[in-house]
Student: 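Supplied in structure tokens, the structure appears directly below.
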Amino acid sequence: MADTTTIHLSYADLVALLKSIFVRNGVSEHNAQILAENCASCERDGSLSHGVFRMAGYISSLNSGWVDGKAVPEVEDVGPAFVRVDAKGGFTQPAMLAGRPLLIEKVRQTGVAVLAIRRSHHFSALWPDVEPFAEAGFVALSVVNSMACVVPYGGKKAVFGTNPIAFASPRAGASPFVFDQASSAIAHGDVQIAARAGHELKPGTGVDCDGQPTNDPNAILDGGALLPFGGHKGNSIALMVEILSAALTGGYFSGEFDWSGHKGAQTPFTGQFFVVIDPTRGGNDVFAERVAGICNLVLEAGQERLPGDRRHVTRAKAEKDGIPLSKKSYEQLRDMALEQVPIVVRKVET
Ligand code: NDP
Ligand code: PYC
């Protein structure tokens with residue numbers, strides 16, 4: 001019988017465990033802390049397609065020599081409202097944090113600024129990138145392209161990545177309004193999770209290696225491809241994400257980089273784009289109240305919940321009870337760490 005034991009870890013303990021795995025696999029202390037916090041935040045909020053499930057992929061990519069865990073990003077001041085960052089073949093999140101102080105300085109001066117990151121690897125959810133801007137009072141929008149696994153609308157060959165778009169806005173009296181969604185019918189991570197669990201996907205999700213519609217996640221992973229969400233409309237968003245994340249930043253398109261010489265590489269080598277706005281500029285002090293107002297109208301009209309609500313409920317539960325991990329996942333992480341990390345198991349359920 002399968003062992004259904006669940007282990008609950010505190011956020012700090014999960015970060016410590018993940019950080020030790022990154023460091024043991026060639027990531028600098030500084031970058032490892034950033035990546036560990038990012039991955040633990042995803043797991044804590046129930047963003048499971050980009051939580052600890054991704055650690056094997058991170059490690060595989062690092063060990064293939066495809067991504068530089070020790071990269072030190074270079075920040076370029078290229079205009080009154082324009083910051084570029086060369087991630088130097090490293091992960092995007094340290095590059096974003098390196099560019100953030102100059103970006104914020106420019107937003108304070110001009111009311112709006114953009115951040116264009118190139119030569120970067122993004123292997124996570126996008127909401128952790130935008131939510132902190134809204135917590136600091138800014139509106140933020142970010143897009144990132146990934147690896148070619150999405151066929152354009154009516155097309156036959158995968159060109160786009162799953163190309164997510166995330167948006168965050170301050171909201172009076174509540175946590176920021178945040179949405180974060182792939183421009184494909186579902187995220188690639190969720191296809192992998194469905195394949196492992198033996199679940200079928202919804203119709204309209206993808207095609208098999210012959211271009212025929214399929215609900216089988218394995219057929220999508222095995223030479224098939226995903227479809228954009230919403231037909232031609234999602235298609236245009238996926239294309240916009242390629243333009244902003246690659247053409248504008250100087251990074252690769254999703255189908256352009258060549259990782260064939262790096263067996264085990266999994267992290268897409270592309271770019272990421274941000275636009276950050278001070279919504280109160282010019283005396284618009286009611287902005288956050290207005291956002292709360294439209295959100296309330298939507299709920300009063302019958303929408304069951306807003307994007308981000310599920311994450312916050314999951315986060316609150318994790319902060320109270322610890323972050324739940326199956327015993328198997330926990331043991332896999334311990335194996336990856338290969339050394340004893342002082343973890344306090346707060347609660348064990350069977
Ligand atoms: P989902 O479809 O699960 O969710 C998309 C958004 O819709 C979320 O903000 C979610 O909020 C919200 N939402 C979901 N259900 C409802 C509902 N019933 N009512 C109101 N709002 C709802 O996400 P995707 O599968 O499209 O993407 C999953 C993750 O994969 C994202 O975090 C994305 O960034 C990541 N990703 C990363 C890529 C990369 O290259 N790094 C590539 C592609 C995807 P909530 O979270 O609260 O449920
Ligand atoms: O889930 O589609 C995805 C994805 C691609 C890159 C990182 N996550």
Side-chain angles (χ1 to χ4, degrees), residues 1-27 32-64 67 69 91 121 123-125 127-128 162 182 186-201 215-222 263-267 310-311 313-350:
M1 222 173 65
D3 187 346
T4 56
T5 306
T6 302
I7 288 173
H8 288 76
L9 295 185
S10 72
Y11 176 75
D13 287 341
L14 184 56
V15 170
L17 177 58
L18 300 182
K19 181 177 178 184
S20 75
I21 296 170
F22 281 121
V23 169
R24 286 190 69 80
N25 286 278
V27 180
Q33 180 71 28
I34 294 168
L35 293 173
E37 287 177 8
N38 178 286
C39 186
S41 300
C42 289
E43 191 69 26
R44 177 202 61 201
D45 278 23
S47 301
L48 300 183
S49 62
H50 291 84
V52 301
F53 154 76
R54 289 276 170 182
M55 288 305 290
Y58 276 111
I59 302 319
S60 176
S61 250
L62 282 159
N63 292 336
S64 76
V67 55
F91 290 103
H121 294 249
F123 203 50
S124 185
W127 65 261
T162 39
I186 64 169
H188 197 263
D190 283 324
V191 183
Q192 295 173 52
I193 288 174
R196 282 189 197 180
H199 295 155
E200 277 219 333
L201 300 172
N215 304 335
D216 177 359
N218 289 303
I220 292 174
L221 296 174
D222 204 3
K263 198 166 178 301
Q266 293 193 32
T267 55
R310 178 203 56 84
R311 279 195 304 104
V313 168
T314 312
R315 183 185 302 181
K317 194 165 178 341
E319 281 168 354
K320 189 165 133 296
D321 298 338
I323 301 169
L325 288 181
S326 70
K327 186 160 175 267
K328 188 172 167 210
S329 296
Y330 173 68
E331 285 173 355
Q332 280 167 346
L333 295 175
R334 291 294 294 262
D335 286 349
M336 281 187 223
L338 286 177
E339 66 178 4
Q340 289 298 308
V341 179
I343 300 286
V344 183
V345 175
R346 289 170 53 188
K347 198 169 146 194
V348 178
E349 281 172 6
T350 308

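Because the structure is predicted, anything quoted here is derived from the model rather than measured. One is the number of the first residue; the rest follow in order along the sequence.
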Student: Does D216 reach the main-chain N or O of N218 with its side chain, forming a donor-acceptor pair under 3.5 Å?
Tutor: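 Yes, D216 side chain to N218 backbone: donor-acceptor pair under 3.5 Å.
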Student: If we ignore hydrogens and angles and just use 3.5 Å, is the side chain of S61 paired with the main-chain N or O of Y58 as donor and acceptor?
Tutor: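 Looks like no, no N/O pair under 3.5 Å.
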Student: Can you give me the closest heavy-atom contact between I323 and Y11, atom names plus distance?
Tutor: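 Closest approach of I323 to Y11: CD1-CA, 3.7 Å.
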Student: First locate atom CD1 of I7, then atom NZ of K328, and finally report the distance between them rounded to the nearest 0.5 Å.
Tutor: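 The distance works out to 13.5 Å.
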Student: Side-chain contact, heavy-atom cut-off 4.5 Å: R311 with S47?
Tutor: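 They are in side-chain contact.
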Student: Shortest non-hydrogen contact from G46 to T314?
Tutor: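 That closest heavy-atom pairing would be N-CG2, 3.8 Å.
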Student: If you apply the rule ring pair (Phe, Tyr, Trp, His ring centres under 6.0 Å), what do you find for F123 with F91, and how did you get there?
Tutor: CA-CA 8 Å; F123 203 50; F91 290 103; 8.0 Å; no
Student: Looking at CD1 of I21 and CZ of R24, how far apart are the two atoms once the value is rounded to the nearest 0.5 Å?
Tutor: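 The distance works out to 10.0 Å.
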Student: What is the distance from atom CZ of R54 to atom CG of N38, rounded to the nearest 0.5 Å?
Tutor: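 Nearest 0.5 Å value for the CZ-CG distance: 11.5 Å.
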Student: Is any side-chain heavy atom of V15 less than 4.5 Å from a side-chain heavy atom of Q33?
Tutor: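 A side-chain contact under 4.5 Å exists here.
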Student: Do L221 and H188 have side-chain heavy atoms sitting under 4.5 Å apart?
Tutor: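 Side-chain contact under 4.5 Å: yes.
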Student: Mind listing the closest non-hydrogen atom pair of S60 and G264 along with its distance?
Tutor: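 Shortest heavy-atom separation between S60 and G264 comes out as OG-O, 2.5 Å.
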Student: At what distance, to the nearest 0.5 angstrom, does CG of L18 lie from CE of M336?
Tutor: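 Output value for this atom pair is 9.0 Å.
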Student: Between L14 and R44, is there a side-chain heavy-atom distance shorter than 4.5 Å?
Tutor: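 Heavy-atom side-chain distance check fails, nothing below 4.5 Å.
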Student: Might you point out which heavy atoms bring P128 and A125 nearest each other, and give the distance in Å?
Tutor: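 Shortest heavy-atom contact: CD-O, 3.4 Å.
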Student: For A194, give me all partners under side-chain contact (heavy atoms from CB on, under 4.5 Å), at least two apart in sequence or on another chain.
Tutor: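 side-chain contact (heavy atoms from CB on, under 4.5 Å) check on A194 returns H199, L201, P217.
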Student: Search all heavy atoms of W127 against all heavy atoms of D45 and return the closest pair with its distance.
Tutor: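 It is CH2-OD2, 3.1 Å.
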Student: Which heavy atom of T162 sits nearest a heavy atom of I186, and at what distance?
Tutor: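 Nearest pair, atom of T162 first, then I186: CG2-O, 4.1 Å.
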Student: May I ask you to decide if V67's main-chain N or O and H121's side chain share a donor-acceptor pair within less than 3.5 Å?
Tutor: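 Such a contact is absent between H121 side chain and V67 backbone.
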Student: Counting distance only, does the side-chain N/O of E43 pair as donor-acceptor with the main-chain N or O of V52 below 3.5 Å?
Tutor: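 Pair found, side chain donor or acceptor close to backbone of V52.
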Student: Using 0.5 Å steps for rounding, measure from the OG atom of S326 to the CD atom of E331.
Tutor: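 Spacing of OG (S326) from CD (E331) equals 8.5 Å.
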Student: Would you compute the distance between atom CG of N25 and atom OG of S20 and round it to the nearest 0.5 angstrom?
Tutor: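 It is 9.5 Å, given to the nearest 0.5 Å.
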